[in-house]
Peer 1: 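Below is a structure I'd like to ask you about.
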Amino acid sequence: EVSGKTACRRTAADGLFPDTDSVVKNFRNVKSDIIRYNLYGIFVSLWKPKTYRTMKFFIDTANLEQIRKAHELGVLDGVTTNPSLMAKENIRGTENCNRHYVEICNIVEGDVSAEVIATDFEGMVREGEALAALHPRIVVKLPCTAAGIRAVKYFAAKNIRTNCTLVFSVGQALLAAKAGATYVSPFVGRLDDISEDGVALVAHIVKVYRTYGYKTELRHFRMTSIRLNVQNDKSPIYEHRTFVINIIVGRQDEQRINMI
């Protein structure tokens, strides 16, 4: 048995292994490359400007009085609506709903989500284009269905902003972001109602978006408590952008606000 440098030299003569000096030289080159790449990575991480994320507050209602109260707080970033909320305010018919959307846009300074009623692609496109034409602040709200994802892609190509709603899974959120949705709205409260962890879903979506570099913003819907949304400062939940503030405006007499 022969070991070490002698073995390498003997086998090198047979063409089985390279000479020892070549091995050492190559190792040093690889080591230099590793050090150089690590230093480059450190430089990039230090040079890259820090990205600050903004929390946004939306109110989920079609009630003008509640919207005005929320706006007076000075923290409102926009409004979300749906056909059910419109009907709750006794607003029916396309013309009346469109007029109401414009009134909301004239109150707030942020985005106003207006939802389509159609369930087919052609109908969503027709209604969405009409809604987007009402006011620059309008965001077309679409369901996360096959036709809805297709419509999101269509509107993204035309630079029309969209809010993809009825999101209950990471897969749905990923499809919506891939299609180009401006906002994605996971229904946190409804998941919690059936003993699912809605906040954990949002955290998972955030991780997926971070991994693939999507800029789609998240909105929490049907939040029943601010406590659900506040976790430790290292939680990925802090990377989401928005949640609704109905728990503050509209039923202050019922809700205790616990900021922890």
Side-chain angles (χ1 to χ4, degrees), residues 51 53-56 58 60 77-86 97-98 101 105 110-191 196-223 236-244:
T51 301
R53 295 174 173 84
T54 303
M55 178 70 71
K56 294 181 181 179
F58 286 72
D60 189 30
D77 292 296
V79 180
T80 64
T81 63
N82 60 49
S84 297
L85 292 174
M86 285 291 194
C97 287
N98 289 347
Y101 287 135
C105 290
D111 295 342
V112 176
S113 289
E115 187 169 350
V116 301
I117 300 176
T119 57
D120 62 293
F121 171 72
E122 289 76 14
M124 291 180 186
V125 168
R126 183 174 57 256
E127 292 180 20
E129 289 180 335
L131 290 171
L134 292 175
H135 199 281
R137 295 195 182 102
I138 291 289
V139 176
V140 180
K141 194 174 180 183
L142 300 158
C144 193
T145 61
I149 294 296
R150 185 182 172 193
V152 168
K153 183 68 174 180
Y154 172 87
F155 287 121
K158 292 183 172 294
N159 294 319
I160 295 176
R161 295 173 300 158
T162 56
N163 177 5
C164 194
T165 187
L166 295 177
V167 173
F168 296 95
S169 69
V170 176
Q172 286 180 300
L174 185 58
L175 286 174
K178 177 69 174 178
T182 309
Y183 298 99
V184 164
S185 300
F187 274 28
V188 175
R190 291 186 180 178
L191 288 170
E196 296 289 339
D197 193 341
V199 174
L201 170 64
V202 173
H204 195 176
I205 294 172
V206 167
K207 289 181 179 180
V208 171
Y209 281 5
R210 183 195 301 170
T211 298
Y212 294 104
Y214 290 121
K215 296 182 180 180
T216 299
E217 299 183 15
L218 270 68
R219 287 187 182 178
H220 288 192
F221 271 79
R222 291 198 64 197
M223 295 296 293
I237 201 71
Y238 269 82
E239 292 205 20
H240 81 276
R241 304 295 183 88
T242 71
F243 69 91
V244 295

Peer 1: With rounding to the nearest 0.5 Å, note down the distance linking CG in L166 to OG1 in T145.
Peer 2: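 It is 8.5 Å, given to the nearest 0.5 Å.
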
Peer 1: Using the test side-chain contact (heavy atoms from CB on, under 4.5 Å), find all partners of A173 that sit at least two apart in sequence or belong to another chain.
Peer 2: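 Only V167, V184, I205, Y209 meet the side-chain contact (heavy atoms from CB on, under 4.5 Å) criterion with A173.
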
Peer 1: Partners of R137 by side-chain hydrogen bond (donor to acceptor under 3.5 Å, both in side chains), sequence neighbours excluded?
Peer 2: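 Scan of R137 (side-chain hydrogen bond (donor to acceptor under 3.5 Å, both in side chains), adjacent residues dropped) gives none.
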
Peer 1: Can you confirm whether V139 sits close enough to S113 that some side-chain heavy atom of one is under 4.5 Å from a side-chain heavy atom of the other?
Peer 2: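 In short, these two side chains touch, coming nearer than 4.5 Å.
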
Peer 1: Going by salt bridge (Lys or Arg N to Asp or Glu O under 4.0 Å), name the pairs with one or both residues in residues 170-185, residues two or more places apart or in two chains.
Peer 2: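 Checked against salt bridge (Lys or Arg N to Asp or Glu O under 4.0 Å) - neighbours excluded - no pair reaches residues 170-185.
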
Peer 1: For T81, enumerate each residue passing the side-chain hydrogen bond (donor to acceptor under 3.5 Å, both in side chains) test, keeping only those at least two apart in sequence or located in another chain.
Peer 2: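 Expected list: none.
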
Peer 1: Taking side-chain contact (heavy atoms from CB on, under 4.5 Å) as the test, write out the residues that go with V125, two or more places apart.
Peer 2: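 Applying side-chain contact (heavy atoms from CB on, under 4.5 Å) to V125 gives F121, E129, Y154.
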
Peer 1: Scan for salt bridge (Lys or Arg N to Asp or Glu O under 4.0 Å) pairs involving residues 112-121, sequence neighbours excluded, and state none if there are none.
Peer 2: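 For residues 112-121: E115-K141.
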
Peer 1: Could you tell me the separation between the CD1 atom of I149 and the SG atom of C144, rounded to the nearest 0.5 Å?
Peer 2: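 Here the interatomic distance stands at 4.0 Å.
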
Peer 1: Check whether any side-chain heavy atom of V79 sits under 4.5 Å from a side-chain heavy atom of C105, and report yes or no.
Peer 2: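 In short, these two side chains do not touch, never coming nearer than 4.5 Å.
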
Peer 1: Can any side-chain N or O of T182 pair as donor or acceptor with the backbone N or O of T162 at less than 3.5 Å?
Peer 2: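 It does hold such a pair.
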
Peer 1: Tell me the salt bridge (Lys or Arg N to Asp or Glu O under 4.0 Å) pairs involving residues 153-166, sequence neighbours left out?
Peer 2: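 Every pair satisfying salt bridge (Lys or Arg N to Asp or Glu O under 4.0 Å) with a residue in residues 153-166: D111-R161.
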
Peer 1: Evaluate V208 against Y214 for side chain to side chain contact (heavy atoms under 4.5 Å, CB included), listing each step before the verdict.
Peer 2: CA-CA 8 Å; V208 171; Y214 290 121; 5.6 Å; no

Peer 1: Taking side-chain contact (heavy atoms from CB on, under 4.5 Å) as the test, write out the residues that go with E127, two or more places apart.
Peer 2: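 With neighbours one apart ignored, the set is V116, I117, A118.
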
Peer 1: In Å, rounded to the nearest 0.5 Å, how long is the span from CD1 of I160 to CD1 of I138?
Peer 2: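 Output value for this atom pair is 12.0 Å.
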
Peer 1: For residues M124 and P143, determine if any side-chain heavy atom of one lies less than 4.5 Å from a side-chain heavy atom of the other.
Peer 2: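 Sidechains of P143 and M124: in contact.
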
Peer 1: Given side chains that start at C-beta, do those of S185 and N163 come closer than 4.5 Å, heavy atoms only?
Peer 2: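 Side-chain contact under 4.5 Å: yes.
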
Peer 1: Write down the atom of A181, the atom of V152, and the distance for their closest heavy-atom approach.
Peer 2: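 Scanning both residues completely, I find the closest heavy atoms to be N-CG1, 3.5 Å.
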
Peer 1: Calculate, to the nearest 0.5 Å, the distance between atoms OH and CG belonging to Y183 and L218 respectively.
Peer 2: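 Rounded to the nearest 0.5 Å, the OH-CG separation comes to 11.5 Å.
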
Peer 1: Going by side-chain contact (heavy atoms from CB on, under 4.5 Å), name the residues that satisfy it together with T119, two or more places apart in sequence or in a different chain.
Peer 2: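 So T119 forms no side-chain contact (heavy atoms from CB on, under 4.5 Å) with any residue.
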
Peer 1: Drop me the distance from N98's CG to H135's NE2, to the nearest 0.5 angstrom.
Peer 2: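 It comes to 13.0 Å.
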
Peer 1: If you round to the nearest 0.5 Å, how far is CZ of R150 from CG of L142?
Peer 2: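 The CZ atom of R150 is 13.0 Å from CG of L142, to the nearest 0.5 Å.
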
